[in-house]
*Asks:* 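Okay, handing you the structure first.
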2 protein chains.
Amino acid sequence: MACDLCQLRRRTFFHQLSDEELSFVRSMKREQTTLSPDADILHTGETGKLFTLFAGWAYRYRDFPDGSRQILDFLLPGDLIGLQAAILPKTQYGVKALTAVSLCALDADMLDQMPERLPDLTRILLRSLMQDQRRTDGQLAFLGRRTAAQRMGYLLLELFDRLQRVGMTSDSWCQFPPQRRHLADALGLSGAHVNRSMADLRDSGLATLGNNVLVLLDRKRLETFAGYSAVDEGNRFIL
Amino acid sequence: MACDLCQLRRRTFFHQLSDEELSFVRSMKREQTTLSPDADILHTGETGKLFTLFAGWAYRYRDFPDGSRQILDFLLPGDLIGLQAAILPKTQYGVKALTAVSLCALDADMLDQMPERLPDLTRILLRSLMQDQRRTDGQLAFLGRRTAAQRMGYLLLELFDRLQRVGMTSDSWCQFPPQRRHLADALGLSGAHVNRSMADLRDSGLATLGNNVLVLLDRKRLETFAGYSAVDEGNRFIL
DNA sequence: CGTTTTTTTGAGAGCCATCAAGCATTGTGG
DNA sequence: CCACAATGCTTGATGGCTCTCAAAAAAACG
């Protein structure tokens, strides 16, 4: 599919590319791929690859020698995959498809030309990186200081809001493909306790999760419980 | 002190600015300040301020309604303070001086001109941001998955390496101003348990901390214990 | 030298991990 | 369409790590 026909980038959430920017992006575009759930998008240590995620969920993770794994981030449509790997020599993370995904492979080397050729887009990239940092700040803060159920609630709200921005929610529910083990690896919990935490949220009438569907039963109260507050992100970068 | 006389930026660890870049940075520079320990450098929510830290330690933190606090990051000489605040509308973090600090106030608005005027410097900024992200990835991973003593060891090693790059270490020891409560807030532990963790490290002959001095007694073994491995960072951005 | 702050140490409680077993769901081949 | 296996979810019991509270020791400060 051609870039200028892509529905995703039409969303107001994203920076609307000028003709010049769009032609630059088109020239970066290499190929479009589809992968099945659990497929590796980026192996740990692999470098120089860059993708835009157009459909589906993925996650960025880091493996430990003892076999455990930390999910650093979930990736949703519109997110860039592998920027760190494109810029730094040795990456220390991998990226896997969580659902079936459709990707757009990009020529990472052309990033170098961006500041000169597309200063506006460069500024927006910087802003998006600051947004990412802010989100990570929130993660760090609630990982260190909150109970399992609160962390759970926070993660659910954050994902819901991100999904909403790319039009993947209805009123108060959405498709939610992550399994227990993904949530466990993201929150630093055991799979068993993820379950207990979700049971807490359900019994308190805050949120339920079943059949790959997340329902926010009482968003206001869940926000209070989890210490979450939505942030207006402003426009975001997309390639 | 004039920028071109500054000793800190001469370190090979930092990108050596060209004449053009240096004159740009000079024109951004507003004033030089000195603050005492515990002084606020950036209040939570304050925006549009930008500093370079030239001497001393500071930390970036986020407060919770319940009074607890998470330290997101320690800031060392050469680090930029307030980039998020300069670019995004509402910041959700504050920055405080940990020791006496000396700062250089910069005109944040001039950042906008950087892509056009100094594309090389912009690329280096991007790389530094990716390095920061990689470091944060490590933090997230060990916060979620490691015991108190391991997290402690990891943090100590990371800080030691960062200090080394700016010449603030001797062989296997360094000045180490953070107090128990700072470490506690950084690691998501109670002050009491920080102490127990440090006692563990001391009793195992890995590291000791006393009188504001950190000594790495057996770096190799500490790295293994904490699951830390040093990363070659490459040159870093400085303003 | 007294006061305040920080560090150290102890006892008890709570949260969450681990282990293990039963249940539900999905997929497969007959 | 059903039997069966495989996978993931749920739930309980036990134990370990870390918190909280509290008080004493040490250090920093004026």
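So that the names make sense, note that chain A is the first sequence line, chain B the second, and so on, each numbered from 1.
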*Asks:* Anything under 3.5 Å between a donor and an acceptor, one on a side chain of residues 171-179 of chain B, the other on a protein residue two or more places apart or in another chain? List them.
*Replies:*
| residue | atom | partner | partner atom | Å |
| --- | --- | --- | --- | --- |
| B:Q179 | OE1 | B:R181 | NE | 3.3 |
| B:Q179 | OE1 | B:R181 | NH2 | 3.1 |

*Asks:* Which pairs with one or both residues in residues 150-159 of chain A pass salt bridge (Lys or Arg N to Asp or Glu O under 4.0 Å), sequence neighbours excluded?
*Replies:*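 Applying salt bridge (Lys or Arg N to Asp or Glu O under 4.0 Å) to every pair that reaches into residues 150-159 of chain A, excluding sequence neighbours, yields nothing.
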
*Asks:* Any chance you could list the contact pattern along nucleotides 8-26 of chain C? Use B for base contacts, S for sugar-phosphate-only contacts and - for none, protein heavy atoms under 4.0 Å, 5' to 3'.
*Replies:* BBBB----BSB--------

*Asks:* For the helix from C:dC1-D:dG30 to C:dG30-D:dC1, what is the angle between the axes at its two ends, each from 5 pairs, rounded to 10°?
*Replies:*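 Between the first-five-pair axis and the last-five-pair axis there is 50°.
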
*Asks:* Below 3.5 Å, can you tabulate the donor-acceptor pairs from side chains in residues 198-216 of chain A to any protein atom, sequence neighbours excluded?
*Replies:*
| residue | atom | partner | partner atom | Å |
| --- | --- | --- | --- | --- |
| A:S204 | OG | A:D200 | O | 2.7 |

*Asks:* Considering residues at least two apart in sequence or located in another chain, which fulfil the salt bridge (Lys or Arg N to Asp or Glu O under 4.0 Å) criterion with B:R62?
*Replies:*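 Per chain and number, B:R62 pairs via salt bridge (Lys or Arg N to Asp or Glu O under 4.0 Å) with no residue.
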
*Asks:* Please, which pairs that meet ring-ring contact (aromatic ring centres under 6.0 Å, His included) have at least one residue in residues 133-158 of chain B, sequence neighbours excluded?
*Replies:*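 Found B:F142-B:Y154, B:Y154-B:Y228.
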
*Asks:* Considering only distance and modelled atom types, tabulate donor-acceptor pairs under 3.5 Å from the side chains of residues 93-101 of chain A, sequence neighbours left out.
*Replies:*
| residue | atom | partner | partner atom | Å |
| --- | --- | --- | --- | --- |
| A:Y93 | OH | A:A85 | N | 3.3 |
| A:K96 | NZ | A:D38 | O | 3.2 |
| A:T99 | OG1 | A:W57 | N | 2.9 |

*Asks:* Given side chains that start at C-beta, do those of A:L155 and A:Q139 come closer than 4.5 Å, heavy atoms only?
*Replies:*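 The answer is no; the side chains never approach within 4.5 Å.
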
*Asks:* Can you give the first and last nucleotides of DNA chain D, 5' to 3', that have an atom under 4.0 Å from a heavy atom of chain A?
*Replies:*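 Span of nucleotides near chain A: D:dG8 to D:dA13.
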
*Asks:* How would you list, by chain and number, every residue that makes a salt bridge (Lys or Arg N to Asp or Glu O under 4.0 Å) with B:D161, sequence neighbours excluded?
*Replies:*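 Only B:R219 meet the salt bridge (Lys or Arg N to Asp or Glu O under 4.0 Å) criterion with B:D161.
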
*Asks:* Does anything in residues 192-217 of chain A pair up under ring-ring contact (aromatic ring centres under 6.0 Å, His included), and if so which pairs, sequence neighbours excluded?
*Replies:*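 Qualifying pairs, neighbours excluded: none.
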
*Asks:* Would you mind writing out the side-chain donor-acceptor pairs for residues 67-78 of chain B within the sub-3.5 Å range, not counting sequence neighbours?
*Replies:*
| residue | atom | partner | partner atom | Å |
| --- | --- | --- | --- | --- |
| B:S68 | OG | B:D66 | OD1 | 2.8 |
| B:R69 | NE | B:D185 | OD2 | 2.9 |
| B:R69 | NH1 | B:Y59 | OH | 3.0 |
| B:R69 | NH2 | B:D185 | OD2 | 2.8 |
| B:Q70 | NE2 | B:D185 | O | 3.3 |
| B:Q70 | NE2 | B:A186 | O | 3.0 |
| B:D73 | OD1 | B:R135 | NH1 | 3.1 |

